[in-house]
Every structure is written in C-alpha cells, then in structure tokens.
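A, B, ... follow the sequence lines: proteins, then strands. Residue 1 opens every chain.
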Protein chains: 2
Amino acid sequence: MDTEDTQDNGTRWLTDEEQRAWRTHLDVSRLLMHQLERDLQPFGLTNNDYEILVNLSESKDHRMRMSDLATATLQSKSRLSHQITRMENAGLVRRENCESDRRGLFAVLTDHGWETMRKVAPHHVASVRQHFIDLLSEEELKSLHASLTPVAQHLRSTRGRM
Amino acid sequence: MDTEDTQDNGTRWLTDEEQRAWRTHLDVSRLLMHQLERDLQPFGLTNNDYEILVNLSESKDHRMRMSDLATATLQSKSRLSHQITRMENAGLVRRENCESDRRGLFAVLTDHGWETMRKVAPHHVASVRQHFIDLLSEEELKSLHASLTPVAQHLRSTRGRM
DNA sequence: CATTTTTAATTAAACATTCAACTTCTTAGG
DNA sequence: CCTAAGAAGTTGAATGTTTAATTAAAAATG
C-alpha cells in the first residue's frame, strides 16, 4: 500500500537517523550561540555586536551602508537600526550621511570600536576553536562545509524579507 | 619563528577553509530557524511553542515538570515560565500541581494543544525536509550527525546555567 | 516633467527574553 | 527536630526583537 516510508495521510515522517541528526544540529546551533555569547560577555559585547564589528572591520574605510550591513548580518532593517543605536551609545560605531544617496546612511567604526575589535578578536577566535572548529577534523570540517553550502544557498534564495 | 599557523601574539586565526565552514554553519543555523518560524506562522505558532508541544506530546501522560521541560528545551526557568504562561493563555497547555513535591508544577498538554500538534506536525516535518533533510544525502546526514555529536556533548558538559 | 512606485531608513508600540530578587518547599547537618 | 542550604518556580523591570506605520529621497512610468 505505501511506497517507501510514506504513511497514513501521506506525511513522510523523519526516520530515527534523520531525527537524531536534525535534533543534534538544532542543539549544537543553540548551545554554541549561547556559549559564544557567554565568552563575549566579559568584554561587554553580544554576538550581534561582535558580528557588526567584524563586518565593519573587513569593509573598506571601516564603513557600510545600513542596508548592506543588514543583509550581511541577516537582520531586518529595523533590528539593525536599533542595534546600531545601541552600539552608537556605547561608542563603538557612529552614523554618517551618504553623499551619493541622501536617503542613505553609513555605519562607521569608531577608533574605540576598532580597538575593541582588535582586543576581543583573539579571544573570540579561541572560543570558536574551543567549542567548534578544534572538535572537528579537517576532513569533517571540509565535508560539513560541502554539505551545508547548498543548504545555505537554498535558504538564501527562498527567504522572504526579514 | 612560528610553528604551524600560529602567528603574531600567539593567536591561531582561522584558516580560510575553517572560516568558510564556520560562517556557513552560522548562516545555516540562523536562516533555517527563520524559515521554520515563517512556515509555522500560518498556524499561529512559534518555534518555541512547537518545541514545547513536541516535548509534551512525547512524554508520558502528556505532562512534564517545568524544570525538566526547561532542560529539555535548553531554556532558562524564567523564560520557560513566561513561555508557558503565554501558551496557557492560548489554551495549548495548562499548569498542574505536583503531589510528590509541592514546590513543583507540571506543564500539561490540553486537548486543544494535542489537536494543534496533530494538525501542524505534518507541515512542520515537510518544512524540515524541504529546507534541510532532503537537501542532504543519507551519507551526508550520517556524517554530519557523527561530526556534530561530540560537539553537542562538549557544549552540554561545559554549559553554565541558562 | 509630473506622478507613481520603490527603496532607505527610522520610530513607536507590541511582544519576547534576560536578569535579579523573591517565595515556598525540600533536604542535609548537627 | 530545628536550622541552614539548596531547589522549584514565579515575578517585575530592563533589555532586545518584531511588526506596522511613517518620512524622505530616488527611480520608473506614462
């Protein structure tokens, strides 16, 4: 009556192996984020703060348009706007007007932001290594990356506005 | 002067390959959560709601102690408490006293909660398949699971209170 | 070139999460 | 048993995120 693992109303439930893999992925995502957050706490930064700093640090002139930054960090414009306001209050970034498009704004790294980045980055990398990278062999990492790349592409393509 | 890829102040920065793998993992985690959330929205549920429903559905008598539920869903007690209050207001669960330990409470699935679960689960599974499981071969899934399991264990063991 | 549509960004209010303080009950030690 | 310590759970306030509405400028359309 059924073909393959199709059942009852036609739902293809997850097999045990699929279920385990899925839940492990879920747990790792969440636990990892929490751990990284904890490791950044002593420096007064959140994961979000840090990601903004990374993006600006890697950009020409340490500046990015709000929209681009929102896209790069996978956040809604609104959320980014609030986020930048907070970081502005903390003296890590500042807003600057855009000449070529007068609707636009840049988020720019301040000196303090750059110094913070330079100070914190080594600790963050150590944290990423300790809780993720160094727990995987080179082979495993390669294979993980290869498997996940199409998933990321798929998700980026089908994603609605955040 | 340096050994391996150790440099300057002694920080072992991520190699390009490590960097790419890491960022892909990060992106997948976030995009996936967002996508699942979006797919649950038409049913008026959040990921969090759904996870609570799953846990209760799979438990004996459709009930769990608050503490156990918090641990199972990787949330703080406080967060779970608020979460359950919201779900109680939505008629999905109710609280019940615990006889054996009078400090304790159970979160119990209501009929409406159970019905909701039965109705939504097929759609959710379809969503998980579409955006994750079915994009990976059986081999890839196995390998992913094998790689991630030690990471999950590590994180669970070193995690402080949430 | 006037008008409509789209894009960039912010804002206020609603909603969710965290943090710290608190209450109640259980358990372990003397 | 009486008391101190710990565990279960909640609460309110502070903080962060989402949603929807709004402003202003750029681009597209007729």
Distance, rounded to the nearest Å, where [X] contributes [atom1] and [N] contributes [atom2]:
X: A/Gln41; N: D/dT15; atom1: CD; atom2: C1'; value: 13 Å
X: A/Arg79; N: D/dG16; atom1: CZ; atom2: C1'; value: 8 Å
X: A/Gln75; N: D/dT19; atom1: CD; atom2: P; value: 14 Å
X: B/Asn97; N: D/dG9; atom1: CG; atom2: P; value: 11 Å

Identified side chain to side chain contact (heavy atoms under 4.5 Å, CB included) partner of B/Arg12 from the options A/Val125, A/Ile133, A/Asp134:
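Per the side chain to side chain contact (heavy atoms under 4.5 Å, CB included) rule, the option paired with B/Arg12 is A/Asp134, out of A/Val125, A/Ile133, A/Asp134.
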Heavy atoms under 4.0 Å, any strand shown: does [X] hit a base, just sugar-phosphate, or nothing?
X: A/Ser67; result: sugar-phosphate
X: B/Arg65; result: sugar-phosphate
X: A/Glu37; result: nothing

Please tell me if [X] has a side-chain N or O lying less than 4.0 Å from either OP1 or OP2 of [N].
X: A/Arg86; N: D/dT17; value: yes
X: A/Arg103; N: D/dA26; value: no
X: B/Ser81; N: D/dT11; value: no

For a quick test of reading the model, state the closest non-hydrogen atom pair linking A/Gly91 to A/Thr110 and the distance between them.
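In this case the closest contact between A/Gly91 and A/Thr110 is O-OG1, 2.7 Å.
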Check whether the side chain of B/His82 and the base of D/dG9 form a donor-acceptor pair under 3.5 Å.
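In this structure, the two groups form no donor-acceptor pair.
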Euclidean distance, A/Leu141 CG relative to B/Glu18 CD, rounded to 0.5 Å
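B/Glu18 atom CD to A/Leu141 atom CG measures 6.0 Å (nearest 0.5 Å).
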Closest to the B/Leu105 side chain: D/dT10, D/dT17, D/dA24?
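It is D/dT10.
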Between which nucleotides of DNA chain C, 5' to 3', does chain A make heavy-atom contacts below 4.0 Å?
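Using the under 4.0 Å cut-off, the span is C/dT7 to C/dC19.
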Does the plane of the ring in A/His25 sit parallel, tilted or perpendicular to the ring in B/His25? Use 30° and 60° as the thresholds.
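Correct class here is perpendicular.
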Find which nucleotide of DNA chain D each of A/Gln83 and A/Arg102 is nearest to by heavy atoms, and output the residue with the more 5' nucleotide.
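Here A/Gln83 is the residue nearer the 5' end.
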